[in-house]
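Throughout, residue positions are numbered sequentially from 1 according to the sequence presented. Just so it is clear, the model here is predicted, and its values are computed rather than measured.
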Amino acid sequence: MSTTRRGDTLIEVLFAFAILGAIVGVTFSGALSGYKSVLAAQNHTQATFVAQYQADALKTYRDSLEWNDPTAYSFLTGNSPSLPAMSSYITPPKAFCMEHQISTNSWKVIPTAPTDTCIILAQTLAPQLGPATLAITLTGAATTGVYASIKVTWRPRNSNIDQTVTNTILLTKDR
């Protein structure tokens, strides 16, 4: 007795579609996860760039001045309306950022409050981050060295958790 088979049964077709759907779903999920990882890595890289840019700016600012000379423009004492004393940012700790002044090819210290210049600077340097905050704080004994902590904080899109990159450098009078 021979039987001819004319087509697939409904069960076989549904089973084939279920397998195909599972394969497509897993593939799409993996691709989406990879895309999110790439975006997170890109944001982290951009925030690290902003923090390193500020660290380099602070070192350049320090190198352009004497360390602690009460008779001249210096890093710790300032002695000029345009050069704030870094010692005033150590005790009590006050947050600031460094902005490059193109017209004079020099660096300017910008207090983070009450201005939004540091937020705008972070957005200019790393627009992919979206709204980001940038703050440098100084700690340490001014006679031997000052630790500068550069912190960049942003909130990734579609997230309720802030991400932070911190870069800490030691500034000393011996360059």
Side-chain angles (χ1 to χ4, degrees), residues 36-175:
K36 287 180 180 180
S37 295
V38 167
L39 285 180
Q42 183 181 25
N43 286 343
H44 192 271
T45 300
Q46 290 293 314
T48 302
F49 165 75
V50 172
Q52 187 60 45
Y53 179 84
Q54 288 292 291
D56 291 341
L58 193 56
K59 287 188 270 185
T60 301
Y61 183 68
R62 180 225 32 213
D63 292 347
S64 68
L65 304 167
E66 293 296 322
W67 179 256
N68 192 14
D69 185 352
T71 62
Y73 298 146
S74 75
F75 181 72
L76 289 178
T77 59
N79 294 332
S80 165
S82 63
L83 290 172
M86 286 290 114
S87 56
S88 69
Y89 285 89
I90 298 171
T91 307
K94 294 181 238 171
F96 65 97
C97 69
M98 302 293 294
E99 182 180 42
H100 188 248
Q101 304 294 302
I102 296 172
S103 60
T104 59
N105 195 25
S106 62
W107 292 95
K108 182 177 180 185
V109 175
I110 308 289
T112 58
T115 67
D116 291 333
T117 304
C118 296
I119 294 171
I120 294 168
L121 179 64
Q123 288 175 339
T124 303
L125 293 171
Q128 295 89 347
L129 290 180
T133 59
L134 166 63
I136 301 173
T137 52
L138 302 176
T139 56
T143 54
T144 57
V146 176
Y147 284 98
S149 178
I150 301 106
K151 185 176 180 180
V152 179
T153 305
W154 75 99
R155 180 167 292 175
R157 293 178 192 95
N158 302 324
S159 176
N160 294 329
I161 301 170
D162 287 345
Q163 301 291 314
T164 302
V165 166
T166 304
N167 187 1
T168 303
I169 60 170
L170 173 62
L171 300 169
T172 62
K173 65 180 177 178
D174 299 324
R175 298 172 199 138

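Taking 4.5 Å as the limit, some side-chain heavy atom of M86 sits within range of a side-chain heavy atom of V109. Side-chain contact check for W67 versus V146: some heavy-atom pair is nearer than 4.5 Å. The side-chain heavy atoms of T60 and W107, taken from C-beta on, include a pair separated by under 4.5 Å. In this structure, F75 and L171 have side chains that are in contact, with non-hydrogen atoms separated by less than 4.5 Å.
Considering CD of Q52 and CG of D56, their distance stands at 4.5 Å, rounded to 0.5 Å. The OG1 atom of T139 sits 16.0 Å away from atom OH of Y89, with the distance rounded to the nearest 0.5 Å. Within the model, atoms CD1 of I150 and CG of L134 stand 8.5 Å from one another, a figure rounded to the nearest 0.5 Å. For the atom pair OG1 of T153 and CD1 of I119, the computed distance is 10.5 Å after rounding to the nearest 0.5 Å. Atom CD1 in I136 sits 13.5 Å away from atom NZ in K151 (nearest 0.5 Å). In this structure, CG on D162 lies 9.5 Å from CH2 on W154, to the nearest 0.5 angstrom.
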Exercise. Start with the C-alpha gap between Q54 and L121, add the side-chain angles, then the distance that decides, and say whether side chain to side chain contact (heavy atoms under 4.5 Å, CB included) holds.
Key: CA-CA 10 Å; Q54 288 292 291; L121 179 64; 3.5 Å; yes

Quiz item: After noting the C-alpha distance and the side-chain angles of I120 and L125, does the key distance pass the side chain to side chain contact (heavy atoms under 4.5 Å, CB included) rule?
Solution: CA-CA 9 Å; I120 294 168; L125 293 171; over 6 Å; no

Exercise. Check the pair Y147 / I169 against side chain to side chain contact (heavy atoms under 4.5 Å, CB included), numbers first and verdict last.
Key: CA-CA 6 Å; Y147 284 98; I169 60 170; over 6 Å; no

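Of all heavy-atom pairs spanning S149 and T166, the tightest one is OG-CG2, 3.4 Å. Nearest heavy atoms, A55 versus N167: CB-ND2, 3.9 Å. Contact record, T104 with S106: OG1-OG, 2.6 Å, taken as the closest heavy-atom pair.
Heavy-atom contacts from other residues, nucleotides or ligands closer than 6.0 Å to CD1 of I102 number 12 or fewer.
Here K36 pairs with nothing under the salt bridge (Lys or Arg N to Asp or Glu O under 4.0 Å) rule; sequence neighbours left out.
Judged by distance alone, with hydrogens and angles left aside, the side-chain atoms of T172 form no donor-acceptor pair with the main-chain N or O of G145 at under 3.5 Å.
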Ignoring hydrogens and angles, write down the donor-acceptor pairs under 3.5 Å from the side chains of residues 41-50, residues two or more places apart or on other chains.
residue, atom, partner, partner atom, Å
T45, OG1, A41, O, 2.8
T48, OG1, H44, O, 2.8

Donor-acceptor pairs under 3.5 Å, side chain of residues 91-100 to any protein atom, not counting sequence neighbours: which ones?
residue, atom, partner, partner atom, Å
K94, NZ, S88, O, 3.1
E99, OE1, Q101, NE2, 3.2
H100, NE2, N105, OD1, 3.0

